[in-house]
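Read the numbers this way: they start at 1 and go in the same order the structure lists the ligands and their atoms. Computed from a predicted model, the values in this text were never measured in an experiment. Worth knowing before you read on, the calculation uses all heavy atoms, side chains too, and leaves out hydrogens, waters and symmetry mates.
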Amino acid sequence: MASKPKHSLSLRALSKRYGSVAAIDNVTLDVAPGGFLSLLGPSGSGKTSILMAIAGFVQPDTGDILLDGARINDLPPEKRNFGVVFQGYALFPHMTVRANVGYPLLVRGVTRSEIEQRVKRTLDLVQLGALADRLPRQLSGGQQQRVALARALVFEPALVLLDEPLSALDKKLRGELQTELKALHARLGLTFIFVTHDQEEAMAMSDRIVILRDGEVVQAGSPVELYDRPINRFVADFLGRATFLEGTVEACNGAAFTLKVNESRIVIAASSISPRLGERITLALRPERIRFVNGKKLNPEWNRIAGTVISAAFTGRQHSYLIETPLGSLTMLTPSFGHGTPRAVGSDVAVEWPPDAAIPVKE
Ligand code: ADP
Ligand code: MG
């Protein structure tokens with residue numbers, strides 16, 4: 001399988017309307033050969049519609065679907081040779097695991113002995129070799145998902161399309177299957193398009209994420225690019241957590257500018273935008289960039305503010321706090337190890353963050 005040629009997929013200005021709803025609104029995107037691209041967005045943002053159009057089950061109104069640069073809009077689904085795992089796309093209940101996985105080969109007229117070999121190889125790949133003779137109802141949810149995945153991979157598809165394949169699973173199993181799926185992708189070298197509404201899942205799995213809202217692409221990039229340089233408040237809010245501060249630009253000295261938020265002032269590194277004096281802007285402050293004041297300022301430009309802890313939660317990895325300050329309520333995350341004693345609700349504290357921690361975002 002690993003020696004198969006890799007395939008690229010592109011969408012060019014793809015649109016699909018249902019009455020007054022634009023399910024897909026002028027979507028252009030590219031998936032590199034062997035890439036792992038996630039479509040990420042809230043419910044109703046058009047993720048499934050895009051995947052269905054790529055698979056050939058939804059006919060777009062306008063725009064092109066290109067496989068290795070060739071237009072495939074008019075190719076029927078079975079001729080596209082894509083492996084699909086759709087939401088609620090069930091296994092055949094009366095067929096064993098072996099028969100379920102062999103089915104795509106059977107309909108393609110592959111010989112019995114070849115089917116036997118390829119089913120065995122694929123079941124081993126998803127670690128289900130020992131369960132080949134079971135029926136779907138004799139499997140756990142995670143095992144059933146792996147069978148569905150094996151069925152999508154067994155015929156060595158040009159492209160693998162997965163629509164929220166892990167969303168019905170509990171959190172721990174989900175994490176395990178994310179890791180397995182990513183390892184499988186690396187081993188097979190196939191091109192994957194993965195749909196999820198879970199930002200952590202998208203970040204953990206993808207080399208590229210396309211963020212969707214109301215059928216439109218809001219921003220596309222690597223997980224790090226999107227996290228560090230969200231183009232607007234929607235992306236900053238959807239990917240990770242952030243406190244949003246709105247204020248008026250008071251002074252600008254080239255390297256940094258001062259923003260008046262309520263009656264307080266904070267300093268922000270002059271970054272990608274160059275604001276005008278008097279302009280109102282919004283900043284996203286990532287919770288892990290804020291820390292409790294611990295001694296002298298390392299840099300006079302660091303922002304410091306006093307506040308009160310109004311909520312505190314411990315999740316094992318980290319402490320999560322909400323700190324009431326004159327700027328507003330700041331969300332703050334600190335690693336659970338090496339950051340002093342946890343602060344209790346009601347404590348008076350002082351927090352600080354560097355001038356480059358706040359990201360200017362458009363509304
Ligand atoms: P997502 O997968 O991101 O939740 P969908 O692609 O399922 O989003 O849906 C996008 C929008 O298109 C939604 O407003 C949905 O109601 C609408 N839609 C999707 N499929 C149909 C359909 N067959 N008929 C009418 N509206 C649809
Ligand atoms: Mg969907």
Side-chain angles (χ1 to χ4, degrees), residues 9-31 35-66 72-74 76-77 80 82-91 141-142 144-145 148-149 151-152 157 159-171 174 177-178 181 191-206 208-221 223 226 230-240:
L9 185 102
S10 300
L11 303 181
R12 292 284 171 266
L14 202 73
S15 293
K16 174 74 184 178
R17 300 189 72 87
Y18 294 104
S20 63
V21 176
I24 309 175
D25 194 355
N26 197 29
V27 167
T28 291
L29 60 82
D30 295 288
V31 195
F36 195 120
L37 177 124
S38 287
L39 300 175
L40 174 67
S43 176
S45 58
K47 306 180 297 293
T48 295
S49 300
I50 293 173
L51 215 63
M52 292 289 238
I54 296 170
F57 298 117
V58 158
Q59 198 54 42
D61 300 329
T62 53
D64 295 326
I65 305 168
L66 309 173
I72 58 164
N73 290 47
D74 303 321
R80 297 190 188 191
F82 297 161
V84 297
V85 178
F86 278 128
Q87 268 169 314
Y89 188 71
L91 300 172
Q144 290 184 27
Q145 279 311 86
L149 194 62
R151 194 173 59 180
L159 205 65
V160 183
L161 307 175
L162 305 167
D163 194 354
E164 311 217 18
L166 310 179
S167 62
L169 306 174
D170 67 56
K171 199 172 162 72
R174 207 175 160 155
L177 281 187
Q178 283 170 7
L181 194 58
T191 307
F192 276 48
I193 303 180
F194 184 87
V195 162
T196 181
H197 65 270
D198 179 333
Q199 52 103 359
E200 276 188 41
E201 182 164 280
M203 290 190 72
M205 311 219 30
S206 328
R208 203 172 159 76
I209 299 175
V210 173
I211 298 190
L212 296 163
R213 179 172 55 174
D214 298 334
E216 283 184 288
V217 175
V218 183
Q219 192 176 4
L226 296 178
I231 62 153
N232 62 20
R233 187 171 176 146
F234 175 78
V235 175
D237 201 26
F238 202 71
L239 216 61

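- Contact annotation: for Val21 versus ligand 1, heavy atoms closer than 4.0 Å belong to the side chain alone.
- Annotation: atom 8 (O) of ligand 1 to nearest protein heavy atom, Gly46 N, 3.2 Å.
- Judged by the 6.0 Å distance and 45° axis criteria, Arg208 is not positioned over the aromatic ring of Phe36.
- Residue Leu39 forms a side chain to side chain contact (heavy atoms under 4.5 Å, CB included) with just one option from Ile209, Val217, Ile193, Asp163, and that option is Ile193.
- Within the 4.0 angstrom cut-off, atom 4 (O) of ligand 1 has one or more protein heavy-atom neighbours.
- By the 6.0 Å contact criterion, CG on Asp214 is open, its count of non-hydrogen atoms from other residues, nucleotides or ligands being 12 or less.
- Residue contact check: Pro42 has heavy atoms under 4.0 Å from atoms 3 (O) of ligand 1.
- With respect to atom 19 (C) of ligand 1, the closest heavy atom belonging to the protein is Tyr18 CE1, 3.7 Å.
- When only non-hydrogen protein atoms are considered, atom 7 (O) of ligand 1 lies nearest to Thr48 CB, 3.8 Å.
- For atom 15 (C) of ligand 1, no protein heavy-atom neighbour is found at a distance under 4.0 Å.
- Residue, atom and distance of the protein heavy atom nearest to atom 13 (C) of ligand 1 are Gly44 O, 3.9 Å.
- The distance from ligand 1 to the heavy atoms of Ser43 drops below 4.0 Å at these ligand atoms: 4 (O).
- Between the side chain of Lys16 and the main chain of Gly46, no donor-acceptor pair closer than 3.5 Å is present.
- Contact atoms of ligand 1 toward Ala23: 11 (C), 12 (O) (distance under 4.0 Å to a heavy atom of the residue).
- A salt bridge links Arg174 with Asp198: the distance from a Lys NZ or Arg NE/NH1/NH2 to an Asp or Glu carboxylate oxygen falls below 4.0 Å.
- With values rounded to the nearest 0.5 angstrom, Leu149 atom CG is found 6.0 Å from Leu162 atom CG.
- At least one N, O or S atom of Thr48, from either the backbone or the side chain, sits less than 2.8 Å from the Mg ion (ligand 2).
- Here the CZ-CG distance, from Arg80 to Leu9, works out to 9.5 Å after rounding to the nearest 0.5 Å.
- Protein heavy atom in closest approach to atom 6 (O) of ligand 1: Ser49 OG, 2.6 Å.
- Ligand 1 is never approached by Gly19 to a heavy-atom distance shorter than 4.0 Å.
- One finds no salt bridge joining Asp25 and Arg213 here, because no Lys/Arg side-chain nitrogen approaches an Asp/Glu carboxylate oxygen to under 4.0 Å.
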